[in-house]
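Small disclaimer: the values here were computed from a predicted structure and weren't measured.
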Amino acid sequence: MKKITQITLLFLLVYGNVFAQQEKGIIGYDNWLNPWTEFKPNKVDYGTPTQILSGSITRDTKLYKSDTYLLLGDVFVTDSTTLTIEPGTIIIGDFVTKGSLTITNGSKIVANGTYTDPIVFTSGRSLKKPGDWGGLFILGDAPTNKFGNEDALNYGLESTDAKDISYGGDNCDSYSGILQYVRIEYAGKRTKDYGYFNGLTLAGVGQQTIIENVMVSYCEGNSFNILGGDVNLEKLVSYKSSINDYEFNYGAQCKMSNSLAIRSPYASGAEVSRCINAIAYDKREDADLSKKQTSILAENLTLVNLSDDLNYDIKVGLVNEAIFIGENTSFTIDNSVISGFNPAVILDNKITINSENLEQIGFTRTYFNNCKGNIFIRYNSNNEDLENWYGNRAFNNVYSKGPDAETFIDLKNSKRPDFRLRINRIFAANDDIDDND
């Protein structure tokens, strides 16, 4: 009996260690992608609008699943108003006026969908394309690193009141509402003077705001744009963004976990596009360096580039780095996967490589797969120092080349096999889900 017990314990120990080694990338006891996500949004018929939203919403309002809503032009929720959206509600951004929705500083959005009844912001065109409409903006009064803390959105939103586009303040714990089980599709309109809108912009959003289970797909701008604030992000999905999947700037303080970015070299725009672009400012002189600068704590991310011929796509310049980290930016990532990029990570050349700065930029227990190089300084092809640092066994990083379909899902915590199968299907059978290329 004792011998059997010892063998059993040994088996469990080895079994646990083998499976623990695969706890990288997105994880879950259940398939949290199912069924609320949609990788073929162009195949979905969302119906015809029955209600119009336009101008300013100045009193508490609820949107119902029984109606389909049209965002006509730039719509603002103002005057400390709460916009509540029932699970299953469809909101269509008007193509002609490039509709958008802004939750102004002090107002709130309660878009609390369910995994069987998500809330959807999308295009109303029969043939949907990235940039068909504007996007969703949520503004709060959490700090930025700007002088005076406050700033204004610079996207060309048409408002008669400057307060409608201002954000930032001193309240780290501010509450701007809930986004849960929400999809945002085909957003990111292009403007002549201000560039692209983003799928979801969180500007000065505080810790009490709930952002979970949100998917942005086929956005012409950044999928997620976080400007300042102090916010937790969980179970996010960015699918085939034209620019960046996750953009952080202006002193954003962010904890990000269990999230996914799937890029395609054939869907990216002409600009350099990345899974994560983490910077502290656009211009150094615009930032108050006495304040907190951008700080990102990330864990269990899966960042993947889908390519039919990765070597060729890298050769012709279609594939960039997965992560870019700017100066005065703190970034740590743990238990994650970065696969199919050129290279995996680039640090700004303004970052001095010394122990003090490297302590602010951490890569631990991360799986670097099929990347043309791992971590580099911009404009410098010699990364020997960084290889020696991050390749140290203490960090437990892995450098490999192997099929995406075999490497990513946490088998230990994934009780339902369809979780792994569905992710593998995304990685290994791109043509089966790709309807827009």
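Note: S339 OG to N369 CG = 4.0 Å, rounded to the nearest 0.5 Å. Interatomic distance, CD1 of I109 versus CD1 of I138, reported as 5.5 Å (0.5 Å rounding). D94 contributes atom CG, which lies 5.0 Å from atom CG of L70 (distance to the nearest 0.5 angstrom). Interatomic distance, CG of N198 versus CG of L202, reported as 10.0 Å (0.5 Å rounding). Rounded to the nearest 0.5 angstrom, T50 OG1 and Y64 OH are separated by 13.0 Å. Atoms CD1 and CD1, from I57 and I103 in turn, are 7.5 Å apart once rounded to the nearest 0.5 Å.
In the model, N105 has no side-chain atom that pairs as donor or acceptor with a side-chain atom of S166 under 3.5 Å. Between the side chains of T114 and D117, no donor-acceptor pair of N or O atoms lies under 3.5 Å. Between the side chains of Q180 and N213, no donor-acceptor pair of N or O atoms lies under 3.5 Å. A side-chain donor from one of D334 and T364 sits under 3.5 Å from a side-chain acceptor of the other. Counted by atom type alone, T104 and D164 present zero donor-acceptor pairs between their side chains at under 3.5 Å. One side chain, D313 or S307, offers a donor N or O that lies under 3.5 Å from an acceptor on the other. In this structure, a donor-acceptor pair under 3.5 Å is absent between the side chains of S336 and Y367. Using modelled atom types and a 3.5 Å distance limit, the side chains of E185 and Y46 yield a donor-acceptor pair. Inspection of the E234 and N258 side chains reveals no N or O donor paired with an N or O acceptor under 3.5 Å. For N149 and D170, the side-chain atoms include at least one donor-acceptor pair closer than 3.5 Å. Y155 and N225 share a donor-acceptor pair across their side chains, judged by distance under 3.5 Å alone.
A donor-acceptor contact shorter than 3.5 Å links the side chain of T89 to the backbone of K65. Of the possible polar contacts, one joining the T37 side chain to the L33 backbone as a donor-acceptor pair under 3.5 Å is found. Of the possible polar contacts, one joining the T294 side chain to the G251 backbone as a donor-acceptor pair under 3.5 Å is found. N300 contributes a side-chain N or O that, together with a main-chain N or O of G25, makes up a donor-acceptor pair within less than 3.5 Å. For the pair S259 (side chain) and L236 (backbone), a donor-acceptor distance under 3.5 Å is present. Judged purely by atom type and a 3.5 angstrom limit, S56 has no side-chain atom pairing as donor or acceptor with the backbone of T58. Proximity of a side-chain donor or acceptor of N34 to a complementary backbone N or O of N31 within less than 3.5 Å is not detected. Counting only distance, with no hydrogens or angles, the side chain of T61 and the backbone of R59 share a donor-acceptor pair below 3.5 Å. No donor-acceptor pair under 3.5 Å is formed between the side chain of S100 and the backbone N or O of G134. A donor-acceptor pair under 3.5 Å is absent between the side-chain atoms of E321 and the main chain of I323, judged by distance alone.
Residues V319 and L310 are in side-chain contact: their nearest non-hydrogen atoms beyond the backbone lie under 4.5 Å apart. In this structure the side chain of R274 reaches within 4.5 angstrom of the side chain of V272, judged on heavy atoms. Counting heavy atoms from C-beta outward, N305 and P265 have side chains that approach closer than 4.5 Å. T82 places a side-chain heavy atom less than 4.5 Å from the side chain of V110. Side chains of I27 and N335 form no contact here, defined as non-hydrogen atoms less than 4.5 Å apart. You'll find the side chain of N42 reaches within 4.5 Å of the side chain of L127, heavy atoms only. I279 has its side chain within reach of F324: a pair of non-hydrogen atoms, C-beta onward, lies under 4.5 Å apart.
Closest approach of A142 and G229 over heavy atoms only: CB-CA, 3.7 Å. Of all the heavy atoms in Q293 and A280, the pair that sits closest is OE1-CB, 3.8 Å. Across P87 and I119, no two heavy atoms sit closer than the pair CA-CG1, 4.0 Å. Residues G204 and Y167 approach most closely at N-CD1, 3.7 Å, considering heavy atoms. Nearest heavy-atom pair across F224 and V237 is CE1-O, 3.6 Å. Closest heavy-atom contact between K146 and D151: CE-OD2, 3.1 Å.
In this structure, Y312 places its OH atom where only 12 or fewer heavy-atom neighbours from other residues, nucleotides or ligands lie under 6.0 Å away. The local environment of NZ in K292 is sparse, with at most 12 non-hydrogen atoms from other residues, nucleotides or ligands closer than 6.0 Å.
Among I91, T48, I92, the single residue meeting the side chain to side chain contact (heavy atoms under 4.5 Å, CB included) criterion with T68 is I92.
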Evaluate E327 against Y281 for side-chain hydrogen bond (donor to acceptor under 3.5 Å, both in side chains), listing each step before the verdict. CA-CA 9 Å; E327 65 172 340; Y281 38 73; 3.1 Å; yes

Could you please spell out the steps behind the side chain to side chain contact (heavy atoms under 4.5 Å, CB included) verdict for L157 and F76? CA-CA 10 Å; L157 288 166; F76 297 88; 4.1 Å; yes

Do T332 and I361 pass the side chain to side chain contact (heavy atoms under 4.5 Å, CB included) test, and can you show the C-alpha distance, the side-chain angles, and the key distance before you say yes or no? CA-CA 5 Å; T332 62; I361 303 173; over 6 Å; no

Verify ring-ring contact (aromatic ring centres under 6.0 Å, His included) between W36 and Y115, making sure each step is shown before the conclusion. CA-CA 5 Å; W36 66 278; Y115 72 96; 9.9 Å; no

Run the side chain to side chain contact (heavy atoms under 4.5 Å, CB included) check on T366 and K24 step by step: do they pass? CA-CA 7 Å; T366 292; K24 302 184 189 301; over 6 Å; no

Starting from the C-alpha separation in whole Å, work towards a yes-or-no answer on side chain to side chain contact (heavy atoms under 4.5 Å, CB included) for W133 and F95. CA-CA 5 Å; W133 62 289; F95 173 70; over 6 Å; no

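Note: Y390 and F363 have perpendicular aromatic rings, judged against thresholds of 30 and 60 degrees for the angle between ring planes.
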Donor-acceptor list for residues 189-197 side chains, cut-off 3.5 Å, not counting sequence neighbours:
| from | atom 1 | to | atom 2 | distance (Å) |
| --- | --- | --- | --- | --- |
| T191 | OG1 | Y194 | N | 3.1 |
| T191 | OG1 | G195 | N | 3.1 |
| T191 | OG1 | G195 | O | 2.7 |

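Every pair passing side-chain hydrogen bond (donor to acceptor under 3.5 Å, both in side chains) that includes a residue from residues 244-256 is listed here, sequence neighbours excluded: N222-N244, S238-D245, N244-E247, D245-R263, E247-N277, N249-D282, Y250-D282.
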